[in-house]
Amino acid sequence: MKKFMDKDFLLQTETAQMLYHQHAANQPIIDYHCHLVPSMVADDYQFRSLTEIWLGGDHYKWRAMRANGIDEKYCTGKDASDWEKFEKWAETVPYTMRNPLYHWTHLELKTGFGVEKLLSPRTAREIYEECTAKLQTPEYSARNLMRKYNVETVCTTDDPIDSLEHHIKTRNDGFEIKMLPTWRPDKAMAVENPAAFRSYVEILSEVSGVSISSFDDMIDALRKRQDFFVEQGCKLSDHGIEEFYAEDYTEEEIKDIFNKVYGGEELTHWEILQFKSAMLVIFAEMDWEKGWTQQFHYGVIRNNNTRMFNQSGADTGFDSVGTFLTAKALSKFLDTLDKQNKLAKTIIYNLNPSDNEMVATMIGNFQDGSVAGKIQFGSGWWFLDQKDGIEKQLNTLSVMGLLSRFVGMLTDSRSFLSYPRHEYFRRILCNLIGNDVENGLLPKEELNFLGQMVENISYYNAKNFFRF
(Lines give C-alpha, C1' and ligand atoms only; values in the text may rest on other atoms or scores of the structure.)
Protein backbone atom coordinates (compact mmCIF):
# COMPACT_ATOMS: atom_id res chain seq x y z
CA MET A 1 0.00 0.00 0.00
CA LYS A 2 1.43 3.37 -1.03
CA LYS A 3 1.75 6.18 1.48
CA PHE A 4 -0.54 9.15 0.94
CA MET A 5 1.13 12.02 -0.90
CA ASP A 6 4.68 10.64 -0.88
CA LYS A 7 7.28 11.75 -3.42
CA ASP A 8 5.62 9.56 -6.06
CA PHE A 9 2.10 10.87 -5.42
CA LEU A 10 -0.10 10.21 -8.50
CA LEU A 11 2.82 8.50 -10.28
CA GLN A 12 1.83 4.86 -10.75
CA THR A 13 4.78 3.53 -12.75
CA GLU A 14 8.57 3.82 -12.80
CA THR A 15 8.43 5.59 -16.15
CA ALA A 16 5.95 8.14 -14.78
CA GLN A 17 8.21 8.71 -11.79
CA MET A 18 11.24 9.22 -14.03
CA LEU A 19 9.41 11.65 -16.30
CA TYR A 20 8.18 13.72 -13.38
CA HIS A 21 11.31 13.84 -11.22
CA GLN A 22 13.80 14.23 -14.07
CA HIS A 23 11.83 16.39 -16.49
CA ALA A 24 8.81 18.13 -14.94
CA ALA A 25 9.43 18.83 -11.28
CA ASN A 26 12.09 21.51 -11.59
CA GLN A 27 10.68 23.48 -14.50
CA PRO A 28 9.85 27.12 -13.71
CA ILE A 29 6.20 28.16 -13.51
CA ILE A 30 4.59 30.38 -16.12
CA ASP A 31 1.15 31.21 -14.71
CA TYR A 32 -0.35 32.88 -17.76
CA HIS A 33 -3.84 33.29 -16.31
CA CYS A 34 -4.50 34.10 -12.66
CA HIS A 35 -6.42 36.50 -10.45
CA LEU A 36 -3.69 37.54 -8.03
CA VAL A 37 -4.24 40.97 -6.48
CA PRO A 38 -1.48 43.08 -8.09
CA SER A 39 -1.18 45.40 -5.09
CA MET A 40 -0.13 42.45 -2.93
CA VAL A 41 2.81 41.78 -5.22
CA ALA A 42 3.68 45.48 -5.48
CA ASP A 43 3.60 45.89 -1.69
CA ASP A 44 5.23 42.50 -0.99
CA TYR A 45 2.24 41.80 1.22
CA GLN A 46 2.66 39.96 4.52
CA PHE A 47 -0.33 37.80 5.44
CA ARG A 48 -1.63 38.00 8.99
CA SER A 49 -2.76 34.35 9.25
CA LEU A 50 -3.24 31.07 7.44
CA THR A 51 -6.93 31.94 7.19
CA GLU A 52 -6.27 35.16 5.28
CA ILE A 53 -4.01 33.58 2.67
CA TRP A 54 -5.96 30.33 2.43
CA LEU A 55 -9.65 31.04 2.98
CA GLY A 56 -9.93 34.68 1.95
CA GLY A 57 -11.63 34.69 -1.44
CA ASP A 58 -11.50 30.91 -1.89
CA HIS A 59 -14.97 30.01 -3.13
CA TYR A 60 -13.92 26.36 -3.60
CA LYS A 61 -13.49 26.00 0.16
CA TRP A 62 -16.61 28.02 0.93
CA ARG A 63 -18.75 25.72 -1.23
CA ALA A 64 -17.41 22.68 0.62
CA MET A 65 -17.99 24.28 4.01
CA ARG A 66 -21.59 25.17 3.16
CA ALA A 67 -22.19 21.61 1.95
CA ASN A 68 -20.83 20.40 5.28
CA GLY A 69 -23.38 22.44 7.22
CA ILE A 70 -21.10 25.34 8.17
CA ASP A 71 -22.80 28.68 8.76
CA GLU A 72 -22.08 31.48 6.26
CA LYS A 73 -20.46 33.66 8.90
CA TYR A 74 -17.48 31.29 8.86
CA CYS A 75 -17.20 31.59 5.06
CA THR A 76 -17.80 35.16 3.87
CA GLY A 77 -18.97 36.64 7.16
CA LYS A 78 -17.31 39.51 9.01
CA ASP A 79 -18.05 38.48 12.60
CA ALA A 80 -16.00 35.29 12.98
CA SER A 81 -12.30 35.46 13.85
CA ASP A 82 -9.55 34.04 11.63
CA TRP A 83 -9.13 31.11 14.00
CA GLU A 84 -12.86 30.36 14.12
CA LYS A 85 -13.03 30.30 10.32
CA PHE A 86 -9.98 28.06 10.06
CA GLU A 87 -11.38 25.74 12.73
CA LYS A 88 -14.53 25.28 10.63
CA TRP A 89 -12.44 24.59 7.53
CA ALA A 90 -10.40 21.98 9.43
CA GLU A 91 -13.66 20.41 10.57
CA THR A 92 -14.72 20.16 6.90
CA VAL A 93 -11.47 18.81 5.43
CA PRO A 94 -11.92 15.12 6.38
CA TYR A 95 -15.30 15.22 4.63
CA THR A 96 -13.67 16.40 1.39
CA MET A 97 -12.03 13.03 0.71
CA ARG A 98 -12.26 12.30 -3.05
CA ASN A 99 -12.90 15.98 -3.68
CA PRO A 100 -9.83 17.72 -5.19
CA LEU A 101 -9.79 20.02 -2.18
CA TYR A 102 -8.41 17.19 -0.09
CA HIS A 103 -5.41 16.84 -2.41
CA TRP A 104 -4.92 20.60 -2.86
CA THR A 105 -5.13 21.25 0.88
CA HIS A 106 -2.43 18.79 1.81
CA LEU A 107 -0.24 19.56 -1.19
CA GLU A 108 -0.29 23.26 -0.29
CA LEU A 109 0.49 22.53 3.36
CA LYS A 110 3.37 20.30 2.36
CA THR A 111 4.96 22.43 -0.35
CA GLY A 112 4.22 25.79 1.23
CA PHE A 113 4.93 25.12 4.89
CA GLY A 114 6.58 21.72 5.12
CA VAL A 115 3.57 20.39 7.05
CA GLU A 116 2.89 16.71 6.35
CA LYS A 117 0.23 16.14 9.01
CA LEU A 118 -3.33 15.55 7.86
CA LEU A 119 -5.59 18.51 8.62
CA SER A 120 -8.49 17.67 10.92
CA PRO A 121 -10.06 19.09 14.09
CA ARG A 122 -7.39 17.21 16.06
CA THR A 123 -4.46 18.88 14.27
CA ALA A 124 -6.10 22.21 13.45
CA ARG A 125 -4.65 24.36 16.24
CA GLU A 126 -1.12 23.04 15.79
CA ILE A 127 -1.14 23.55 12.02
CA TYR A 128 -2.78 26.97 12.27
CA GLU A 129 -0.25 28.28 14.74
CA GLU A 130 2.77 26.83 12.91
CA CYS A 131 1.75 28.19 9.53
CA THR A 132 0.56 31.55 10.84
CA ALA A 133 3.89 32.01 12.65
CA LYS A 134 5.77 31.30 9.42
CA LEU A 135 3.61 33.80 7.56
CA GLN A 136 4.88 36.53 9.87
CA THR A 137 8.45 36.04 8.62
CA PRO A 138 9.96 37.72 5.52
CA GLU A 139 10.39 34.31 3.88
CA TYR A 140 6.60 34.11 3.49
CA SER A 141 5.87 37.50 1.97
CA ALA A 142 3.93 37.57 -1.30
CA ARG A 143 7.04 37.95 -3.44
CA ASN A 144 9.02 35.34 -1.55
CA LEU A 145 6.22 32.82 -1.88
CA MET A 146 6.42 33.35 -5.64
CA ARG A 147 10.18 32.80 -5.47
CA LYS A 148 9.67 29.71 -3.32
CA TYR A 149 7.55 28.11 -6.04
CA ASN A 150 10.02 28.97 -8.82
CA VAL A 151 7.57 31.30 -10.56
CA GLU A 152 8.97 33.06 -13.62
CA THR A 153 5.96 34.95 -15.01
CA VAL A 154 2.39 35.65 -13.90
CA CYS A 155 -0.36 37.31 -15.93
CA THR A 156 -3.03 38.98 -13.81
CA THR A 157 -6.56 39.78 -15.00
CA ASP A 158 -7.19 43.50 -15.51
CA ASP A 159 -9.93 45.78 -16.78
CA PRO A 160 -9.11 48.31 -19.53
CA ILE A 161 -9.82 51.13 -17.06
CA ASP A 162 -7.27 49.81 -14.51
CA SER A 163 -4.31 52.09 -13.82
CA LEU A 164 -1.81 49.18 -13.75
CA GLU A 165 0.08 51.22 -11.15
CA HIS A 166 0.98 48.09 -9.21
CA HIS A 167 2.44 46.40 -12.28
CA ILE A 168 4.51 49.52 -12.92
CA LYS A 169 5.72 49.69 -9.30
CA THR A 170 6.62 46.00 -9.26
CA ARG A 171 8.67 46.37 -12.44
CA ASN A 172 10.35 49.57 -11.24
CA ASP A 173 11.28 47.85 -7.98
CA GLY A 174 13.37 45.43 -10.02
CA PHE A 175 11.39 42.36 -8.93
CA GLU A 176 12.82 39.60 -11.08
CA ILE A 177 9.51 37.74 -11.54
CA LYS A 178 7.45 39.26 -14.34
CA MET A 179 3.95 40.37 -13.38
CA LEU A 180 2.19 41.28 -16.62
CA PRO A 181 -1.37 42.55 -17.11
CA THR A 182 -4.04 40.75 -19.12
CA TRP A 183 -6.71 42.73 -20.96
CA ARG A 184 -10.21 41.70 -19.72
CA PRO A 185 -12.76 44.00 -21.44
CA ASP A 186 -15.97 42.20 -20.46
CA LYS A 187 -17.63 45.33 -19.04
CA ALA A 188 -17.28 47.14 -22.37
CA MET A 189 -19.79 44.71 -23.89
CA ALA A 190 -22.06 44.26 -20.85
CA VAL A 191 -25.06 46.18 -22.21
CA GLU A 192 -27.65 44.20 -20.25
CA ASN A 193 -27.65 46.94 -17.61
CA PRO A 194 -27.78 50.38 -19.28
CA ALA A 195 -26.96 52.36 -16.12
CA ALA A 196 -23.91 50.24 -15.27
CA PHE A 197 -22.76 50.34 -18.90
CA ARG A 198 -23.01 54.14 -19.07
CA SER A 199 -21.14 54.47 -15.79
CA TYR A 200 -18.37 52.24 -17.11
CA VAL A 201 -18.09 54.16 -20.40
CA GLU A 202 -17.83 57.44 -18.50
CA ILE A 203 -14.88 56.08 -16.49
CA LEU A 204 -13.34 54.76 -19.70
CA SER A 205 -13.65 58.24 -21.16
CA GLU A 206 -11.94 59.77 -18.16
CA VAL A 207 -8.96 57.39 -18.03
CA SER A 208 -8.42 57.39 -21.80
CA GLY A 209 -8.80 61.12 -22.32
CA VAL A 210 -11.30 60.49 -25.11
CA SER A 211 -14.64 62.27 -25.02
CA ILE A 212 -17.19 59.52 -25.67
CA SER A 213 -20.55 60.28 -27.22
CA SER A 214 -20.67 57.61 -29.93
CA PHE A 215 -19.74 54.00 -30.57
CA ASP A 216 -16.68 55.02 -32.59
CA ASP A 217 -15.52 57.19 -29.67
CA MET A 218 -15.74 54.20 -27.33
CA ILE A 219 -13.64 52.06 -29.66
CA ASP A 220 -11.06 54.87 -29.93
CA ALA A 221 -10.90 55.03 -26.12
CA LEU A 222 -10.44 51.26 -25.88
CA ARG A 223 -7.63 51.38 -28.44
CA LYS A 224 -5.85 54.03 -26.38
CA ARG A 225 -6.12 51.86 -23.31
CA GLN A 226 -4.90 48.85 -25.26
CA ASP A 227 -1.82 50.85 -26.29
CA PHE A 228 -1.22 51.59 -22.61
CA PHE A 229 -1.50 47.89 -21.76
CA VAL A 230 1.05 47.10 -24.48
CA GLU A 231 3.46 49.59 -22.88
CA GLN A 232 3.16 47.64 -19.62
CA GLY A 233 4.04 44.32 -21.26
CA CYS A 234 0.57 42.89 -21.91
CA LYS A 235 0.55 39.97 -24.34
CA LEU A 236 -2.84 38.35 -23.69
CA SER A 237 -6.51 39.21 -23.55
CA ASP A 238 -9.18 37.24 -21.74
CA HIS A 239 -12.94 37.13 -22.11
CA GLY A 240 -15.38 35.61 -19.64
CA ILE A 241 -18.53 34.82 -21.60
CA GLU A 242 -21.53 32.58 -21.08
CA GLU A 243 -21.38 31.46 -24.70
CA PHE A 244 -19.98 32.58 -28.03
CA TYR A 245 -21.88 35.28 -29.88
CA ALA A 246 -21.97 35.40 -33.68
CA GLU A 247 -25.20 37.08 -34.74
CA ASP A 248 -25.44 39.06 -37.96
CA TYR A 249 -25.27 42.85 -37.65
CA THR A 250 -24.39 46.00 -39.58
CA GLU A 251 -22.20 48.87 -38.44
CA GLU A 252 -25.20 51.17 -38.41
CA GLU A 253 -27.17 48.79 -36.24
CA ILE A 254 -24.35 48.63 -33.67
CA LYS A 255 -24.01 52.40 -33.61
CA ASP A 256 -27.76 52.75 -33.07
CA ILE A 257 -27.70 50.13 -30.30
CA PHE A 258 -24.87 52.01 -28.57
CA ASN A 259 -26.80 55.28 -28.73
CA LYS A 260 -29.85 53.56 -27.32
CA VAL A 261 -28.14 51.89 -24.36
CA TYR A 262 -25.87 54.87 -23.66
CA GLY A 263 -29.02 56.95 -23.45
CA GLY A 264 -30.37 54.67 -20.74
CA GLU A 265 -32.82 52.59 -22.77
CA GLU A 266 -33.26 48.88 -22.23
CA LEU A 267 -32.19 46.72 -25.17
CA THR A 268 -34.05 43.80 -26.63
CA HIS A 269 -32.49 40.36 -26.26
CA TRP A 270 -31.64 40.40 -29.98
CA GLU A 271 -29.92 43.80 -29.70
CA ILE A 272 -27.84 42.55 -26.76
CA LEU A 273 -26.69 39.55 -28.78
CA GLN A 274 -25.86 41.74 -31.78
CA PHE A 275 -23.80 44.14 -29.69
CA LYS A 276 -21.89 41.33 -27.97
CA SER A 277 -21.25 39.70 -31.36
CA ALA A 278 -19.81 42.92 -32.76
CA MET A 279 -17.63 43.57 -29.72
CA LEU A 280 -16.20 40.04 -29.75
CA VAL A 281 -15.09 40.53 -33.35
CA ILE A 282 -13.69 44.01 -32.74
CA PHE A 283 -11.75 42.85 -29.69
CA ALA A 284 -10.40 39.88 -31.64
CA GLU A 285 -9.25 42.15 -34.44
CA MET A 286 -7.53 44.41 -31.91
CA ASP A 287 -5.74 41.40 -30.43
CA TRP A 288 -4.59 40.32 -33.88
CA GLU A 289 -3.25 43.80 -34.62
CA LYS A 290 -1.19 43.74 -31.41
CA GLY A 291 0.05 40.16 -31.85
CA TRP A 292 -1.65 39.12 -28.62
CA THR A 293 -3.10 35.75 -27.66
CA GLN A 294 -6.83 35.85 -27.00
CA GLN A 295 -8.41 33.63 -24.34
CA PHE A 296 -12.08 32.73 -24.04
CA HIS A 297 -13.52 31.20 -20.87
CA TYR A 298 -17.09 30.14 -21.59
CA GLY A 299 -19.86 27.97 -20.23
CA VAL A 300 -20.55 29.24 -16.69
CA ILE A 301 -23.86 30.33 -15.19
CA ARG A 302 -22.97 32.91 -12.57
CA ASN A 303 -24.71 34.09 -9.41
CA ASN A 304 -27.41 31.42 -9.40
CA ASN A 305 -28.47 32.13 -5.83
CA THR A 306 -30.06 35.58 -5.74
CA ARG A 307 -30.37 35.70 -1.96
CA MET A 308 -26.70 34.89 -1.42
CA PHE A 309 -25.59 37.18 -4.25
CA ASN A 310 -27.40 40.04 -2.52
CA GLN A 311 -25.75 39.08 0.77
CA SER A 312 -22.19 38.21 -0.30
CA GLY A 313 -21.73 39.52 -3.85
CA ALA A 314 -20.14 37.92 -6.90
CA ASP A 315 -17.39 35.28 -6.91
CA THR A 316 -18.38 33.78 -3.58
CA GLY A 317 -19.21 30.26 -4.72
CA PHE A 318 -22.64 30.36 -6.33
CA ASP A 319 -21.68 29.70 -9.96
CA SER A 320 -22.11 26.45 -11.87
CA VAL A 321 -21.49 24.63 -15.12
CA GLY A 322 -23.85 25.75 -17.89
CA THR A 323 -25.22 24.00 -20.95
CA PHE A 324 -25.09 26.11 -24.12
CA LEU A 325 -25.39 25.13 -27.79
CA THR A 326 -22.45 27.24 -28.91
CA ALA A 327 -20.62 25.13 -31.50
CA LYS A 328 -22.05 26.90 -34.57
CA ALA A 329 -21.49 30.33 -33.03
CA LEU A 330 -17.89 29.44 -32.16
CA SER A 331 -17.31 28.19 -35.69
CA LYS A 332 -18.82 31.32 -37.23
CA PHE A 333 -16.82 33.62 -34.93
CA LEU A 334 -13.49 31.96 -35.73
CA ASP A 335 -14.33 31.73 -39.43
CA THR A 336 -15.25 35.43 -39.60
CA LEU A 337 -11.79 36.33 -38.36
CA ASP A 338 -9.99 33.70 -40.40
CA LYS A 339 -11.61 34.89 -43.66
CA GLN A 340 -10.02 38.29 -43.03
CA ASN A 341 -6.68 36.75 -42.00
CA LYS A 342 -7.21 38.38 -38.60
CA LEU A 343 -7.42 35.33 -36.35
CA ALA A 344 -4.98 35.77 -33.48
CA LYS A 345 -3.47 32.97 -31.42
CA THR A 346 -6.42 31.67 -29.41
CA ILE A 347 -7.08 29.58 -26.29
CA ILE A 348 -10.58 28.23 -25.65
CA TYR A 349 -11.57 26.98 -22.19
CA ASN A 350 -14.88 25.18 -21.75
CA LEU A 351 -16.49 24.62 -18.37
CA ASN A 352 -18.82 21.82 -19.45
CA PRO A 353 -16.80 18.63 -20.13
CA SER A 354 -19.43 17.56 -22.64
CA ASP A 355 -17.90 20.20 -24.93
CA ASN A 356 -14.41 18.66 -24.83
CA GLU A 357 -14.62 16.89 -28.17
CA MET A 358 -16.34 19.83 -29.82
CA VAL A 359 -13.62 22.27 -28.77
CA ALA A 360 -10.78 19.84 -29.50
CA THR A 361 -12.06 19.26 -33.04
CA MET A 362 -13.04 22.89 -33.64
CA ILE A 363 -9.51 24.17 -33.02
CA GLY A 364 -8.22 21.83 -35.72
CA ASN A 365 -10.34 23.66 -38.29
CA PHE A 366 -8.35 26.87 -37.84
CA GLN A 367 -4.74 25.74 -37.44
CA ASP A 368 -2.99 27.45 -40.34
CA GLY A 369 0.62 26.31 -40.11
CA SER A 370 1.88 29.76 -39.10
CA VAL A 371 2.41 28.88 -35.43
CA ALA A 372 2.62 25.46 -33.81
CA GLY A 373 -0.58 25.02 -31.80
CA LYS A 374 -1.93 28.42 -32.87
CA ILE A 375 -5.43 27.54 -31.65
CA GLN A 376 -5.33 25.86 -28.24
CA PHE A 377 -7.78 23.72 -26.27
CA GLY A 378 -7.30 25.29 -22.84
CA SER A 379 -6.47 23.37 -19.70
CA GLY A 380 -9.17 22.04 -17.38
CA TRP A 381 -10.83 25.14 -15.98
CA TRP A 382 -12.53 25.87 -12.66
CA PHE A 383 -14.66 22.82 -11.82
CA LEU A 384 -12.47 20.79 -14.21
CA ASP A 385 -8.99 21.62 -12.87
CA GLN A 386 -8.88 18.38 -10.87
CA LYS A 387 -7.59 14.89 -11.61
CA ASP A 388 -10.58 13.63 -13.59
CA GLY A 389 -11.08 16.88 -15.50
CA ILE A 390 -7.38 17.26 -16.29
CA GLU A 391 -7.13 13.67 -17.52
CA LYS A 392 -10.20 14.09 -19.73
CA GLN A 393 -8.83 17.28 -21.25
CA LEU A 394 -5.39 15.74 -21.87
CA ASN A 395 -6.87 12.57 -23.35
CA THR A 396 -9.30 14.44 -25.62
CA LEU A 397 -6.55 16.76 -26.87
CA SER A 398 -4.28 13.77 -27.43
CA VAL A 399 -6.89 11.97 -29.53
CA MET A 400 -8.14 14.98 -31.51
CA GLY A 401 -5.00 17.13 -31.77
CA LEU A 402 -1.37 17.43 -30.68
CA LEU A 403 -0.79 17.11 -26.95
CA SER A 404 2.90 17.81 -27.58
CA ARG A 405 2.06 21.41 -28.60
CA PHE A 406 -0.12 22.14 -25.54
CA VAL A 407 0.79 25.27 -23.53
CA GLY A 408 0.02 23.60 -20.22
CA MET A 409 -1.44 24.55 -16.87
CA LEU A 410 -2.36 27.75 -15.03
CA THR A 411 -3.74 28.45 -11.55
CA ASP A 412 -6.73 30.71 -12.36
CA SER A 413 -6.40 31.59 -8.69
CA ARG A 414 -6.30 34.54 -6.31
CA SER A 415 -4.10 32.69 -3.85
CA PHE A 416 -0.32 32.78 -3.48
CA LEU A 417 -0.55 29.17 -2.29
CA SER A 418 -2.14 27.82 -5.48
CA TYR A 419 1.06 27.19 -7.42
CA PRO A 420 1.05 23.47 -6.47
CA ARG A 421 -1.73 23.14 -9.04
CA HIS A 422 1.09 23.19 -11.59
CA GLU A 423 2.76 20.31 -9.74
CA TYR A 424 -0.56 18.45 -9.59
CA PHE A 425 -1.01 18.88 -13.34
CA ARG A 426 2.55 17.81 -14.12
CA ARG A 427 2.22 14.66 -12.04
CA ILE A 428 -1.02 13.74 -13.84
CA LEU A 429 0.59 14.43 -17.22
CA CYS A 430 3.62 12.28 -16.43
CA ASN A 431 1.44 9.50 -15.09
CA LEU A 432 -0.62 9.34 -18.30
CA ILE A 433 2.45 9.23 -20.51
CA GLY A 434 4.32 6.85 -18.21
CA ASN A 435 1.41 4.42 -18.13
CA ASP A 436 1.25 4.47 -21.92
CA VAL A 437 4.93 3.57 -22.15
CA GLU A 438 4.68 0.71 -19.68
CA ASN A 439 1.54 -0.61 -21.37
CA GLY A 440 3.24 -0.66 -24.75
CA LEU A 441 1.13 2.19 -26.15
CA LEU A 442 4.14 4.48 -26.57
CA PRO A 443 7.68 3.35 -27.45
CA LYS A 444 10.18 3.05 -24.62
CA GLU A 445 12.90 3.83 -27.20
CA GLU A 446 11.50 7.39 -27.42
CA LEU A 447 11.90 8.28 -23.72
CA ASN A 448 14.24 11.15 -24.58
CA PHE A 449 11.60 12.67 -26.84
CA LEU A 450 8.88 12.05 -24.26
CA GLY A 451 11.00 13.67 -21.57
CA GLN A 452 11.42 16.76 -23.74
CA MET A 453 7.69 16.68 -24.48
CA VAL A 454 6.96 16.80 -20.76
CA GLU A 455 9.36 19.73 -20.31
CA ASN A 456 7.72 21.54 -23.21
CA ILE A 457 4.19 21.12 -21.90
CA SER A 458 5.29 22.07 -18.39
CA TYR A 459 7.21 25.20 -19.41
CA TYR A 460 8.79 25.75 -22.83
CA ASN A 461 5.64 25.68 -24.96
CA ALA A 462 4.11 28.52 -22.96
CA LYS A 463 7.34 30.51 -22.89
CA ASN A 464 7.68 30.30 -26.67
CA PHE A 465 3.97 30.63 -27.51
CA PHE A 466 3.50 33.83 -25.51
CA ARG A 467 7.03 35.08 -26.23
CA PHE A 468 7.79 35.74 -22.56
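We number each residue from 1, following the sequence as shown.
With a 6.0 Å radius and a threshold of 12 heavy atoms from other residues, nucleotides or ligands, Asn310 has its CG atom above the threshold. Atom CD of Glu253 sits in a crowded spot, with more than 12 heavy atoms from other residues, nucleotides or ligands closer than 6.0 Å. Heavy atoms of other residues, nucleotides or ligands lying less than 6.0 angstrom from CD of Glu251 number 12 at most. By the 6.0 Å contact criterion, NZ on Lys387 is open, its count of non-hydrogen atoms from other residues, nucleotides or ligands being 12 or less. More than 12 heavy atoms of other residues, nucleotides or ligands sit less than 6.0 Å from atom NZ of Lys148. By the 6.0 Å contact criterion, NZ on Lys134 is enclosed, its count of non-hydrogen atoms from other residues, nucleotides or ligands being greater than 12.
Inter-residue side-chain proximity for Pro160 and Trp183 is flagged as met; some heavy-atom pair is nearer than 4.5 Å. Between Ile390 and Leu384 there is no side-chain heavy-atom pair separated by less than 4.5 Å. The shortest distance between side-chain heavy atoms of Thr293 and Lys235 does not fall below 4.5 Å. Looking only at side-chain heavy atoms (C-beta outward), Tyr45 and Arg143 stay at 4.5 Å or farther from each other. For the pair Val407 and Ile347, the minimum side-chain heavy-atom distance is below 4.5 Å. Side chains of Asn150 and His422 form no contact here, defined as non-hydrogen atoms less than 4.5 Å apart. When side chains are defined from C-beta on, Glu91 does not count as touching Glu87, because their heavy atoms never get closer than 4.5 Å. Counting heavy atoms from C-beta on, the side chains of Thr51 and Lys85 come closer than 4.5 Å.
Looking only at distances, a side-chain donor or acceptor of Arg426 sits under 3.5 Å from a matching main-chain atom of Ala24. A donor-acceptor pair is defined here as one N or O able to donate and one able to accept, closer than 3.5 Å; such a pair exists between the side chain of Ser277 and the backbone of Ala246. Formation of a donor-acceptor pair under 3.5 Å by the Gln386 side chain with backbone atoms of Gly389 is found in this model.
Of the N and O atoms on the side chains of Asp216 and Ser214, not one donor lies less than 3.5 Å from an acceptor on the other residue. At a cut-off of 3.5 Å, with distance as the only test, no side-chain donor of Gln136 or Thr132 sits close to an acceptor on the other residue. No donor-acceptor contact under 3.5 angstrom links the side chains of Tyr128 and Asp82, judged on distance only. Counting only N and O atoms by type, the side chains of Ser39 and Asp43 include no donor and acceptor under 3.5 Å apart. A donor and an acceptor atom, one from each side chain of Tyr74 and Glu84, are nowhere located under 3.5 Å apart. Neither side chain, Glu108 nor Trp104, offers a donor N or O lying under 3.5 Å from an acceptor on the other. Under the 3.5 Å distance criterion, with hydrogens and angles disregarded, a donor-acceptor pair is assigned to the side chains of Asp31 and Thr411. A donor atom on one side chain and an acceptor atom on the other are not found under 3.5 Å apart for Asp412 and Trp382. Between Asp319 and Asn304, the side chains place no donor N or O within less than 3.5 Å of an acceptor N or O (distance only, hydrogens not considered).
For an aromatic pair to be called close, the ring centres must be under 6.0 Å apart, and Phe377 with Phe406 fails this. Centroid-to-centroid, the aromatic rings of Tyr140 and Phe113 come within less than 6.0 Å.
Salt bridge status for Glu176 with Arg147: present, with a side-chain N to carboxylate O gap under 4.0 Å. Taking a cutoff of 4.0 Å between a charged side-chain nitrogen and a carboxylate oxygen, Asp248 and Lys332 qualify as a salt bridge. Salt-bridge check for Asp388 with Lys392: passed, with a basic side-chain N closer than 4.0 Å to an acidic carboxylate O. Remark: Arg421 engages Asp385 in a salt bridge, criterion side-chain N to carboxylate O under 4.0 Å. Between Asp71 and Lys73, no side-chain nitrogen of the basic residue sits less than 4.0 Å from a carboxylate oxygen of the acidic one, so the salt-bridge criterion is not met. Salt bridge annotation for Lys260-Glu271: present, with a cationic side-chain nitrogen under 4.0 angstrom from a carboxylate oxygen. Salt bridge annotation for Lys110-Glu423: absent, with no cationic side-chain nitrogen under 4.0 angstrom from a carboxylate oxygen. Between Asp315 and Arg414, at least one side-chain nitrogen of the basic residue sits less than 4.0 Å from a carboxylate oxygen of the acidic one, meeting the salt-bridge criterion.
Here the straight-line distance linking atom NZ of Lys169 with atom CG of Asp173 works out to 4.0 Å at 0.5 Å rounding. Atom NZ of residue Lys342 and atom CG of residue Leu337 lie 9.0 Å apart, to the nearest 0.5 angstrom. Within the model, atoms CG of Asp238 and CD of Gln294 stand 10.5 Å from one another, a figure rounded to the nearest 0.5 Å. Separating the CD atom in Gln393 from the OG1 atom in Thr396 is a distance of 7.5 Å, to the nearest 0.5 Å. Atoms CD1 and CG, on Ile127 and Leu50 in that order, are 8.5 Å from each other to the nearest 0.5 Å. Distance check, rounded to the nearest 0.5 Å: CG of Asp58 to CE of Met65 gives 10.0 Å.
Annotation: cation-pi pair Lys276/Tyr245 present, NZ/CZ under 6.0 Å from the ring centroid and within 45° of its normal. Geometric assessment of Lys374 against the ring of Phe366 yields a negative cation-pi assignment under the 6.0 Å and 45° thresholds. With a 6.0 Å cutoff to the six-membered ring centre and a 45° limit on the axis angle, Lys61 counts as a cation-pi contact of Trp89.
Residues Leu164 and Gln232 approach most closely at CD1-CG, 3.8 Å, considering heavy atoms. Scanning all heavy atoms of the two residues, the minimum distance from Glu242 to Val300 falls at CG-O, 3.5 Å. Taking every heavy atom of both residues into account, Gly233 and Leu180 meet most closely at O-CD1, 3.6 Å. Of all non-hydrogen atoms in Gly408 and Ser379, the two that sit nearest each other are O-CB, 3.7 Å. Residues Tyr298 and Trp381 share a closest heavy-atom pair of O-CZ3, 3.2 Å. Heavy atoms only, all atoms of each residue included: Lys224 and Ser208 are closest at CD-O, 3.5 Å.
Between Tyr32 and Phe466, the ring-plane angle classifies as tilted under the 30° and 60° cut-offs. Between Tyr419 and Tyr149, the angle of the ring planes lies from 30° to 60°, which puts this pair in the tilted group. Using a 30° and 60° split on the angle between ring planes, Phe244 and Phe333 fall in the tilted class, from 30° to 60°. A perpendicular orientation is assigned to the rings of His33 and His35, their planes being inclined by more than 60° (bins at 30° and 60°). Ring planes of Phe86 and Trp54: parallel class, angle under 30° (limits at 30 and 60°).
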Salt bridge (Lys or Arg N to Asp or Glu O under 4.0 Å) between Lys178 and Glu152, worked out
CA-CA 6 Å; Lys178 292 180 184 178; Glu152 183 177 284; over 6 Å; no

Give the intermediate values and the outcome of salt bridge (Lys or Arg N to Asp or Glu O under 4.0 Å) for residues Lys290 and Asp227.
CA-CA 9 Å; Lys290 297 298 186 187; Asp227 289 340; 2.5 Å; yes

Test salt bridge (Lys or Arg N to Asp or Glu O under 4.0 Å) on Glu289 and Arg223 and set out the steps.
CA-CA 11 Å; Glu289 290 166 5; Arg223 288 187 179 279; 2.8 Å; yes

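Residues meeting the salt bridge (Lys or Arg N to Asp or Glu O under 4.0 Å) test with Glu165, sequence neighbours left out: none.
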